[in-house]
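Values below: all heavy atoms of this structure, side chains included; hydrogens, waters and symmetry mates excluded. In this text, all values refer to a predicted model and were calculated from it rather than measured experimentally.
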Amino acid sequence: MMPAARESLLDAAFEALARRPWAAVRMVDVAAAAGVSRQTLYNEFGSKEGLARALVRREADAYLAGVERALAVHGDVRDRLTATAEWTASAARENALLRAVLTGFWSERLPAPTLSAVPAQRRADGPLPSPGDLVGAVRDRAVAVLSGPGAVRADAADLARSCELAVRLALSCVAAPPPGEDGVAELVRGALQRQPGDRPGR
């Protein structure tokens with residue numbers, strides 16, 4: 001199937017999930033909304049579980065792509081990690097499925113596919129990322145970007161801790177939002193005041 005057609009099916013499933021609980025989402029309705037036959041949908045994803053896994057993987061991939069955009073902003077280490085934390089908090093607040101992927105708390109409205117791999121050939125049937133996997137992926141991406149060519153030199157272990165701290169603070173703000181529009185940024189900036197990239201001579 002063409003990537004555009006696959007995306008149309010995932011879009012249709014995501015939109016259906018916004019209107020009703022996953023248990024009430026019917027494959028025939030998803031196929032109809034995407035303008036394909038139900039058989040085409042099954043050929044692409046194998047089952048409703050396969051469709052759910054593909055949805056989860058797409059949200060995780062889109063989140064990590066957003067992390068990379070946040071890390072590309074101009075500024076020092078603290079600016080970039082603050083941008084990453086703000087993206088994490090805003091994306092999780094606006095997207096219930098992503099929030100579940102990042103926190104591991106799945107409501108009854110959402111699909112809850114198993115994280116382990118299932119026997120099949122599709123990428124979506126491989127193991128899905130756990131919340132810890134995603135925090136680790138963000139940390140590793142941030143360390144790679146912030147310690148790359150032209151970056152301010154910083155101890156790799158300190159940098160990794162700072163990256164992980166920023167993401168975990170952002171996720172705590174999803175669970176218990178701080179007051180004010182800039183609550184996430186203020187919290188992260190305060191926590192990172194003495195972190196790499198914010199020291200004289202670094």
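For the residue pair Ser37 and Tyr42, no side-chain donor N or O sits within less than 3.5 Å of a side-chain acceptor on the partner.
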Query - Stepwise side chain to side chain donor-acceptor pair (under 3.5 Å) check, Asp11 with Ser8 - result: CA-CA 5 Å; Asp11 287 342; Ser8 293; 5.3 Å; no
Requested in this report: Using the side-chain contact (heavy atoms from CB on, under 4.5 Å) rule, take Arg6 and Phe45 through it: C-alpha gap first, then chi angles, then the decisive distance, then the call.
Outcome: CA-CA 9 Å; Arg6 180 181 174 87; Phe45 298 105; 3.4 Å; yes
Requested in this report: List the steps, then state whether side-chain contact (heavy atoms from CB on, under 4.5 Å) holds for His74 with Asp79.
Outcome: CA-CA 8 Å; His74 294 293; Asp79 291 334; over 6 Å; no
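The heavy-atom pair separating Val25 from Lys48 by the smallest distance is O-NZ, 2.7 Å. Heavy-atom minimum distance, Arg19 versus Arg109: C-NH2, 3.9 Å. The shortest non-hydrogen separation linking Ala31 to Leu41 is N-CD2, 4.0 Å. For the pair Pro113 and Leu128, the tightest heavy-atom approach, listed with the atom from each and the gap, is CG-CD1, 3.8 Å. Of all heavy-atom pairs between Pro131 and Thr103, the closest is CG-C, 3.7 Å. Here the shortest heavy-atom pairing between Ala12 and Ala33 reads CB-CB, 3.9 Å.
Using modelled atom types, one side-chain atom of Arg57 and one backbone atom of Pro127 make a donor-acceptor pair closer than 3.5 Å. Remark: side-chain polar atoms of Arg53 are paired, donor with acceptor, to backbone N or O of Thr114 under 3.5 angstrom. Arg80 places a side-chain N or O within donor-acceptor distance of the main-chain N or O of Val73, the cut-off being under 3.5 Å.
Annotation for Arg20: atom CZ counts as buried by contact number, over 12 foreign heavy atoms lying within 6.0 Å. Other residues, nucleotides and ligands contribute at most 12 non-hydrogen atoms within 6.0 Å of the CD atom of Glu108.
Each of Val145, Asp158, Leu159 was evaluated against Val77; a single residue qualifies, Leu159, per the side-chain contact (heavy atoms from CB on, under 4.5 Å) test.
Ion pair Arg58/Asp61 not flagged as a salt bridge, since none of the NZ, NE, NH1 or NH2 atoms sits closer than 4.0 Å to an Asp/Glu carboxylate oxygen.
The CG atom of Leu71 sits 9.5 Å away from the CZ atom of Arg141 when rounded to the nearest 0.5 Å. In this structure, CG in Asn95 is found 4.5 Å from CD in Glu59, a value given to the nearest 0.5 Å. Arg38 contributes atom CZ, which lies 10.0 Å from atom CG of Asp29 (distance to the nearest 0.5 angstrom). Taken from CD in Glu7 to CG in Leu9, the straight-line distance is 9.5 Å, to the nearest 0.5 Å. Taking CE of Met27 as the start and OG of Ser47 as the end, the distance is 6.5 Å to the nearest 0.5 Å.
The shortest distance between side-chain heavy atoms of Leu97 and Trp22 does not fall below 4.5 Å. For the pair Val135/Leu171, a side-chain contact is recorded, criterion being any heavy-atom separation below 4.5 Å from C-beta on. No side-chain heavy atom of Thr88 sits under 4.5 Å from any side-chain heavy atom of Val138. Here the side chains of Val184 and Leu169 are not in contact, with every heavy-atom distance at 4.5 Å or above. Side-chain atoms of Cys163 and Thr84, non-hydrogen and from C-beta on, never get closer than 4.5 Å to each other. In this structure, Val174 and Leu102 have side chains that are not in contact, with every pair of non-hydrogen atoms separated by 4.5 Å or more.
In the hydrophobic cluster analysis, where Ile, Leu, Val, Met, Phe, Trp and Tyr join through side-chain heavy atoms closer than 4.5 angstrom, Leu81 is grouped together with Leu64.
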